[in-house]
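See below for the structure under consideration.
It should be emphasised that the depicted structure is a prediction, and the values quoted were computed from it without experimental measurement.
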Amino acid sequence: MAIEQEFSTRLLAWFDQHGRHDLPWQHPRTPYRVWLSEIMLQQTQVSVVTGYFDRFVTALPDLPALAAASHDEVMALWSGLGYYARARNLHAAAKLCVERHGGDLPPDLDALIALPGIGRSTAGAILSQAWGDRAAILDGNVKRVLSRLFGIEGWPGAPAIEKRLWVIAATLLPDARLADYTQAQMDLGATLCTRADPDCSDCPLQVHCVAFREGRV
């Protein structure tokens, strides 16, 4: 069977046994909490983010609370996470959501991308995890997994290669369990298909992986 037909089935079966199911933003998985986690996880590992996330949502439990907070309060809650433009964009986006979208994140790809700090992959992650939409993601982990799986040479950030990876990512989307599927992709890249020393022996996709088959991992 072709990888396009098996990808999500194998990935979700692996996720059910080995994926991360107890992350704080998964319980409950609201649009605000998903968005906040996705912004915090940019350039930052899960192990670092969890404590900051809990502190942030305790102080600012929803989007209107974030929008109403002072700049100093937001920056103090973010202090130590680094890449502070993320916090400034988060705050600005919350204010825009209050002005334009009734205090909620818009469940629309283009409207999400129009907000500060939200790119196409982050928007896809929010749509799939918060609303179960069939939206693809293409963060660093997913780029690495797909490049190895399909034997795609070159820098994944190059426009032509990234365009090809977006097409593949959209083709592989399942019809159900989109929130779990999105998390599974990120978990696979973070725990098995790592940048250095990937654990190919335990990978559920090894049988289809061009890089593994050709010794190009």
Side-chain angles (χ1 to χ4, degrees), residues 1-16 18-20 23 25-26 29 31 34-35 37-39 41-43 46 93 105-195 198 203-214 216-217:
M1 185 180 291
I3 182 57
E4 288 82 4
Q5 296 171 286
E6 280 197 20
F7 183 86
S8 62
T9 300
R10 285 179 172 270
L11 185 62
L12 286 167
W14 172 83
F15 174 74
D16 288 340
H18 305 289
R20 295 179 286 198
L23 299 173
W25 44 89
Q26 295 173 327
R29 191 187 263 143
V34 168
W35 169 47
S37 71
E38 287 298 320
I39 301 302
L41 287 166
Q42 292 172 355
Q43 311 294 326
V46 168
L105 278 173
D108 174 81
L109 182 67
D110 290 336
L112 284 172
I113 292 173
L115 295 171
I118 299 181
R120 182 177 173 185
S121 186
T122 298
I126 294 168
L127 289 167
S128 61
Q129 293 181 94
W131 291 288
D133 289 355
R134 293 186 77 249
I137 66 167
L138 197 65
D139 67 0
N141 283 323
V142 177
K143 286 180 180 179
R144 183 169 59 256
V145 170
L146 297 183
S147 293
R148 285 174 173 162
L149 190 65
F150 289 90
I152 298 172
E153 295 282 359
W155 180 50
I161 295 176
E162 190 169 277
K163 182 178 180 180
R164 182 179 175 189
L165 290 172
W166 271 117
V167 172
I168 292 171
T171 301
L172 296 174
L173 286 170
D175 293 324
R177 295 189 64 188
L178 272 302
D180 287 344
Y181 174 77
T182 295
Q183 186 64 52
Q185 292 179 89
M186 295 187 283
D187 287 358
L188 186 76
T191 63
L192 288 187
C193 196
T194 51
R195 182 176 286 108
C203 180
L205 305 173
Q206 184 207 97
V207 67
H208 291 293
C209 184
V210 173
F212 178 79
R213 184 168 64 245
E214 298 180 357
R216 296 193 287 132
V217 173

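- At a threshold of 4.5 Å between non-hydrogen side-chain atoms, the residues Val145 and Cys193 count as touching.
- Note that OG1 of Thr182 and CG of Leu173 are 7.5 Å apart. Values are rounded to the nearest 0.5 Å.
- At least one side-chain heavy atom of Asp187 sits under 4.5 Å from a side-chain heavy atom of Trp14.
- Taking both residues in full, the closest heavy atoms of Ala184 and Leu11 are given as CB-CG, 3.7 Å, listed atom of the first, atom of the second, then distance.
- Residues Arg195 and Asn141 form no side-chain contact, since every pair of their non-hydrogen atoms from C-beta on lies 4.5 Å or further apart.
- Every residue meeting the side-chain contact (heavy atoms from CB on, under 4.5 Å) condition with Pro107, not counting sequence neighbours, appears here in chain and number order: Trp131.
- Thr194 places no side-chain N or O within 3.5 Å of a backbone atom of Thr191 that could act as its donor or acceptor partner.
- A donor-acceptor pair is defined here as one N or O able to donate and one able to accept, closer than 3.5 Å; such a pair exists between the side chain of Gln26 and the backbone of Arg20.
- Interatomic distance, Ile152 CD1 to Leu165 CG, rounded to the nearest 0.5 Å: 4.5 Å.
- The two residues Val142 and Leu138 come nearest to each other via the heavy atoms CG1-CD1, 3.9 Å.
- Remark: Phe212 pairs with no residue by the ring-ring contact (aromatic ring centres under 6.0 Å, His included) rule, at least two apart or across chains.
- Counting only heavy atoms from C-beta outward, the side chains of Val210 and Arg216 approach each other to under 4.5 Å.
- A 4.5 Å side-chain heavy-atom check between Phe150 and Ile3 finds at least one atom pair inside the cut-off.
- Distance check: Ser37 OG to Ile126 CD1 gives 8.0 Å after rounding to the nearest 0.5 Å.
- Side-chain atoms of Asp133 and Leu178, non-hydrogen and from C-beta on, never get closer than 4.5 Å to each other.
- With hydrogens and angles ignored, the 3.5 Å screen pairs no side-chain donor or acceptor of Ser147 with any backbone N or O of Arg144.
- Checked against salt bridge (Lys or Arg N to Asp or Glu O under 4.0 Å), Asp110 has no partners two or more places apart in sequence or in another chain.
- Taking all atoms of both residues into account, the shortest heavy-atom contact from Leu105 to Pro31 is CD1-O, 3.4 Å.
- For the pair Glu4 and Leu172, the tightest heavy-atom approach, listed with the atom from each and the gap, is CA-CD2, 3.7 Å.
- Taking both residues in full, the closest heavy atoms of Cys209 and Arg148 are given as SG-O, 3.5 Å, listed atom of the first, atom of the second, then distance.
- In this structure, OG1 in Thr122 is found 9.0 Å from CD1 in Ile137, a value given to the nearest 0.5 Å.
- Counting only heavy atoms from C-beta outward, the side chains of Pro204 and Leu188 approach each other to under 4.5 Å.
- With contacts defined as side-chain heavy-atom distances shorter than 4.5 Å, the pair Trp35/Gln129 does not qualify.
- Once rounded to the nearest 0.5 Å, the distance linking OH of Tyr181 with CG of Leu12 reads 8.0 Å.
- The main-chain N or O of Val34 is never found under 3.5 Å from a side-chain atom of Glu38 such that the two would form a donor-acceptor pair.
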**Asked** Taking it one step at a time, do Lys143 and Trp166 satisfy side-chain contact (heavy atoms from CB on, under 4.5 Å)?
**Response** CA-CA 9 Å; Lys143 286 180 180 179; Trp166 271 117; over 6 Å; no
Evaluate side-chain contact (heavy atoms from CB on, under 4.5 Å) for Arg177 paired with Asp16, printing each intermediate quantity in order.
CA-CA 11 Å; Arg177 295 189 64 188; Asp16 288 340; 2.6 Å; yes
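- Of all the heavy atoms in Arg213 and Val207, the pair that sits closest is NH1-O, 4.2 Å.
- Atoms CG and CD, from Asp180 and Gln185 in turn, are 11.5 Å apart once rounded to the nearest 0.5 Å.
- Not one N or O on the side chain of Arg120 forms a donor-acceptor pair closer than 3.5 Å with the backbone of Ile113.
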